[in-house]
Amino acid sequence: MSASRLSRRRAITLAGAGVAGVAGVAAGAGALARGGAERASADQGAAAGAVPFHGEHQAGITTPAQDRLHFVAFDVVTKDRARLVELLGEWTAAAARMTAGKDAGVIGAVGGVPEAPPDDTGEALGLPPSQLTLTVGFGPTLFRDAQGRDRFGLAGRRPAALVDLPHFAGDALRPEISGGDLCVQACANDPQVAVHAIRNLARIGMGVVSVRWSQLGFGRTSSTSTGQATPRNLFGFKDGTANLKAEDGGLLREHLWVQPGDGPDWMTGGSYLVTRKIRMIVETWDRSSLVEQEQIVGRTKGSGAPLGKGDEFDEPDFAAKGDDGQPVIAATSHVRLAHPDANDGARLLRRGYNFVDGSDGLGRLDAGLFFIAYQRDPRKQFVPIQTRLARNDAMNEYLRHVSSGIFACPPGVRDGGDHWGRALFG
Ligand code: HEM
């Protein structure tokens, strides 16, 4: 066994021992006094642990949103279908290993012969799994490229729901950071672990795929589980209050997972991913008054309660009028326009991250929200919601959509004999 594998495994064992140790102490006499510290340490243990890679659905969708993101879109550069399928198999094996906290390859970063490049890049040595999840998706251009070519004999297998997104009012998309034949979303509680995973997938894919664009994110902007506190986006507002959550069983079947009969069969149990890089003009936002900011969102900045209500999780009352006879929640507010009541009941599972990509050379932060949403059918969910928002949302004055992507994320990898894309290419 290589030294690298030993050291990562030791780190995991230590993380596990931390949790077990906490349980042991909790049974002792001093447990009450130390309760807070113990809870914190147990939380840290869980945050460092592993998320199962195999399952009915891909991890990284309803998994409680981790703290960090590295998202990548690839172009396929080979014309050889067999080589692409082979890569998807190699990626799957590496992903199963890395999400378990192991090196990307079986030899490891330092376990091989000195004359050969290692099969892991090494920067995650000694780090625990950090709840790394790797979620794969297939873009429209994998099925037919921009020139209309069916490169891999997949054109007939393209899902009708994997639409080319229409142009939305105000879009300022940059093609070089939009689209992609394949994508991988890496989420983890340690940015180094997420970056390590994407870097190694890119390394393994050399000659078959090339990185088209990638995005780092921090500070999740959604809760995807009722157990998580709602985080804040860079406008300072709670984000993710009215999100679809892992515990929403029936709603997930209705709004998130592709159901039998939706077609095509290879997508049953999968979900469609829409990404939008949304630049926030934070300098202008920061000069607007608190009351204006709250009217734009439709919620209070402190508690996140809908305007006119007291608690974050109260239902908004869109019919309520103020003393001036005007709606308490403005007609152009974000939550009114994005709410299921305005969109034929449509909902999304949002899973975005904040980003700051340095500054723009004009004295402004290049900051915003990397919006990520999963859904059963973008034609009935993202497209109508975004059409409405793009036309009327008062928030648009402070936003610019600069990148866009849509991907079909297949169901989960069932076991060691399964791999990413098996049903699609099968
Ligand atoms: C930078 C851009 C955006 C910001 C700052 C933002 C911010 C927010 C905030 C603060 C909330 C209220 C809290 C919550 O329920 O999560 C919210 C709700 C929501 N947003 Fe956004 N959002 C952005 C873009 C989008 C986009 C592009 C979409 C979809 C096309 C979207 C869809 C939704 C939905 C569906 C809700 C829940 C509405 C409800 O059911 O009450 N948002 N957003």
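Whatever order the structure lists them in is the order used to number ligands and atoms, beginning at 1.
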Interfacing atoms of ligand 1 (cut-off 4.0 Å, heavy-atom, [X]):
X    : result
F382 : 30 (C)
M280 : 1 (C), 5 (C)
L399 : 1 (C), 2 (C)
P340 : 40 (O)
N233 : 5 (C), 7 (C), 10 (C)

Protein contact of atom 3 (C) of ligand 1 - nearest heavy atom, named by residue and atom, plus distance: L369 CD2, 3.6 Å

Give me the residue, atom name and distance of the protein heavy atom closest to atom 14 (C) of ligand 1. T241 N, 3.3 Å

Is any side-chain heavy atom of S225 closer than 4.5 Å to one of Q228? yes

I'd like to know if V297 contacts ligand 1, where contact means a heavy-atom distance under 4.0 Å to any ligand atom. yes

R336 and D341 ion-paired at < 4.0 Å: no

Residue pairs, two or more places apart or on separate chains, that pass salt bridge (Lys or Arg N to Asp or Glu O under 4.0 Å) and touch residues 146-161: D145-R149, D145-R151, R151-D181, R158-D164

What is the number of protein N, O or S atoms that sit under 2.8 Å away from atom 21 (Fe) of ligand 1? 1

For ligand 1, note which part of R276 has a heavy atom under 4.0 Å away: side chain, backbone, both or neither. neither

R376 and its side-chain contact (heavy atoms from CB on, under 4.5 Å) partner, picked from Q259, R253, M267: Q259

Nearest heavy atom to atom 13 (C) of ligand 1: which of Q293, R347, R232, K238 does it belong to? K238

